[in-house]
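Please read the structure below before turning to the comments.
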Amino acid sequence: MKVIMLGAPGAGKGTQAALIAEKYHIPHISTGDIFRANLKEGTELGMRAKAYMDKGELVPDDLTVEILLDRVSKDDCRDGYVLDGFPRTIPQAEVLKDALAKRGEKLDYAINIEVPDDAIVTRMSGRRSCPGCNAVYHIVYNPPGKEGVCDVCGEALVTRKDDEADTVRNRLKVYHDQTAPLIDYYSKEEVLRDVDGTQEMKDVTEAIFAILDGVQ
Ligand code: ADP
Ligand code: AMP
């Protein structure tokens with residue numbers, strides 16, 4: 001199963017992608033997590049990406065596409081994957097489509113999690129992320145058992161630098177300008193499925209699983 005997650009920053013792509021990966025035994029691939037891991041390790045890729053990420057801009061397509069194609073060529077992607085945060089531009093979508101076509105494959109679903117902009121800013125200000133295992137929490141909607149500590153790996157949770165209100169506003173603008181056109185793109189490809197992302201997390205999950213199980 002090959003699935004991509006669409007939606008504004010903070011719509012819940014990462015939260016739901018982790019649950020999809022667990023249920024269907026496929027890797028969860030987040031380009032944002034790959035960039036942040038590189039930054040933590042001090043690689044050149046990480047340094048180059050940081051300049052864009054800190055401003056809420058997109059990392060250029062050539063860099064992003066290279067890391068994504070490298071990642072999906074790994075053995076664990078043989079039976080599929082869930083992509084979270086990729087593609088974010090039409091050229092990225094075209095590269096993915098061509099890479100799949102070369103192998104006689106195509107995407108199964110583009111799950112579009114719909115959340116209005118005003119709800120996004122509240123969500124982002126309460127997001128806490130684990131730099132160790134990439135688990136995502138929210139101080140109100142999905143708090144960890146012990147405040148500030150990851151339930152999964154015990155690391156101290158952090159607030160992402162790009163979750164500050166001003167950067168979030170720019171990320172939303174970038175989303176509407178460059179990423180939202182993918183909704184139409186995947187609708188034409190006949191793989192788009194819209195999900196109401198304002199529901200409680202478990203209800204969003206249920207709606208997505210119903211789609212992936214072929215119930216809807
Ligand atoms: P994205 O990967 O799309 O940027 P996340 O999955 O990181 O979004 O979610 C953003 C924030 O919103 C996180 O703090 C997460 O815990 C919270 N969140 C995710 N889904 C919901 C939901 N359905 N209701 C309320 N909060 C949510
Ligand atoms: P995310 O973790 O998905 O919210 O991504 C965080 C940041 O990483 C984004 O704001 C971009 O700067 C960068 N990024 C992640 N994925 C992509 C992508 N597919 N294309 C360009 N930039 C990306």
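When reading the values below, keep in mind they use all heavy atoms of this one structure, side chains included, and skip hydrogens, waters and symmetry mates. Just so you know, ligand 1 is whichever comes first in the structure, and atom 1 is the first atom listed for that ligand.
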Can you tell whether the side chains of K102 and D98 come within less than 4.0 Å, N to carboxylate O?
no
By number and element, which atoms of ligand 2 are closer than 4.0 Å to a non-hydrogen atom of G85?
16 (N), 17 (C), 18 (C), 19 (N)
Are any of the N/O atoms on Y137, whether in the backbone or the side chain, positioned under 3.5 angstrom from an N/O atom of ligand 1?
yes
Linking I/L/V/M/F/W/Y whenever their side-chain heavy atoms sit closer than 4.5 Å, directly or via other members, would I139 and Y141 fall into one cluster?
yes
Residue Y185 excluded, over 12 heavy atoms near OH under 6.0 Å:
yes
Can an N or O of G10 be found at a distance shorter than 3.5 Å from an N or O of ligand 1?
yes
With heavy atoms of R36 as the reference, note each atom of ligand 2 found under 4.0 Å away.
2 (O), 6 (C)
Side chain, backbone, both or neither: the part of M124 lying under 4.0 Å from ligand 1 by heavy atom:
neither
N/O separation below 3.5 Å, V204 to ligand 1
no
Taking only non-hydrogen atoms of Y141 and a 4.0 Å limit, the atoms of ligand 1 in range are 25 (C), 26 (N)
Pull out every atom of ligand 1 sitting under 4.0 Å from any heavy atom of G14, numbered as shown with elements.
1 (P), 2 (O), 6 (O)
Just checking, any donor-acceptor pair under 3.5 angstrom between side chains of T89 and D61?
yes
Ligand 2 contact on T64 by region, counting heavy-atom pairs under 4.0 Å:
side chain
Look at atom 18 (N) of ligand 1 and find which of E200, M201, Q16, M5 reaches it with the closest heavy atom.
M201
Could you tell me whether R48 atom CZ has more than 12 heavy atoms of other residues or ligands within 6.0 Å of it?
no
Do H28 and I20 come close enough that some side-chain heavy atom pair is under 4.5 Å?
no
For T15, is at least one N or O under 3.5 Å away from an N or O on ligand 1?
yes
Does R128, backbone or side chain, put an N or O under 3.5 Å from an N or O of ligand 1?
no
Is there a donor-acceptor contact under 3.5 Å from the side chain of K106 to the main chain of L100?
no
Give the residue, atom name and distance (to 0.1 Å) of the protein heavy atom nearest atom 22 (C) of ligand 1.
R123 NH2, 3.4 Å
A cation-pi test, strictly: NZ or CZ of K2 under 6.0 Å from the centre of the six-membered ring of Y109 and no more than 45 degrees from its axis. Yes or no?
no
Are any of the N/O atoms in R127 less than 3.5 Å from those in ligand 1?
yes
Looking at T205, L6, I211, which one forms a side-chain contact (heavy atoms from CB on, under 4.5 Å) with V195?
I211
What protein heavy atom sits nearest atom 23 (C) of ligand 2, and how far off is it?
F35 CE1, 3.8 Å
protein heavy-atom neighbour closest to atom 23 (N) of ligand 1 works out as Q199 O, 2.8 Å
Give a yes-or-no answer on whether the side chains of Y24 and D213 include a donor-acceptor pair shorter than 3.5 Å.
yes
Joint hydrophobic cluster, L107 plus I111, side-chain heavy atoms closer than 4.5 Å
no
Can you report which non-hydrogen protein atom sits closest to atom 5 (O) of ligand 2, along with the distance?
R88 NH2, 3.5 Å
What part of E57, side chain, backbone, both or neither, has a heavy atom within less than 4.0 angstrom of ligand 2?
backbone
Around atom 22 (N) of ligand 2, find the nearest protein heavy atom and jot down its residue, atom name and distance.
V59 N, 3.0 Å
Within ligand 1, which atoms have a heavy atom of G197 less than 4.0 Å away?
23 (N)
ILVMFWY cluster, M47 and V59 together (side-chain gap under 4.5 Å)
no
Can you tell which part of R160 has a heavy atom less than 4.0 Å from ligand 2: side chain, backbone, both or neither?
side chain
Per-atom contacts of ligand 2 with Q92, taking only distances under 4.0 Å to non-hydrogen atoms
18 (C), 19 (N), 20 (N), 21 (C)
Counting heavy atoms only, which part of A8 comes closer than 4.0 Å to ligand 1: side chain, backbone, both or neither?
backbone
Distance-only donor-acceptor check, side chains H176 and D117, under 3.5 Å
yes
Where the side chain of T167 meets the backbone of D162, is there a donor-acceptor pair that is under 3.5 Å apart?
no
Look only at interatomic distance and state if G12 has a nitrogen or oxygen under 3.5 Å from any nitrogen or oxygen of ligand 1.
yes
Are any of the N or O atoms of K13 closer than 3.5 Å to those of ligand 1?
yes
Nearest 0.5 Å, what's the CD1-CE distance between I113 and M5?
4.0 Å
Taking only heavy atoms of T31 into account, list the atoms of ligand 2 that are under 4.0 Å away from them.
15 (C), 16 (N), 17 (C), 19 (N)
In ligand 2, the atoms that come under 4.0 Å of a heavy atom of R171 are 4 (O), 10 (O)
How close do C150 and Y137 get, heavy atom to heavy atom, and via which atoms?
SG-OH, 3.3 Å
Within the 4.0 Å heavy-atom shell around V136, which atoms of ligand 1 are there?
7 (O), 13 (C)
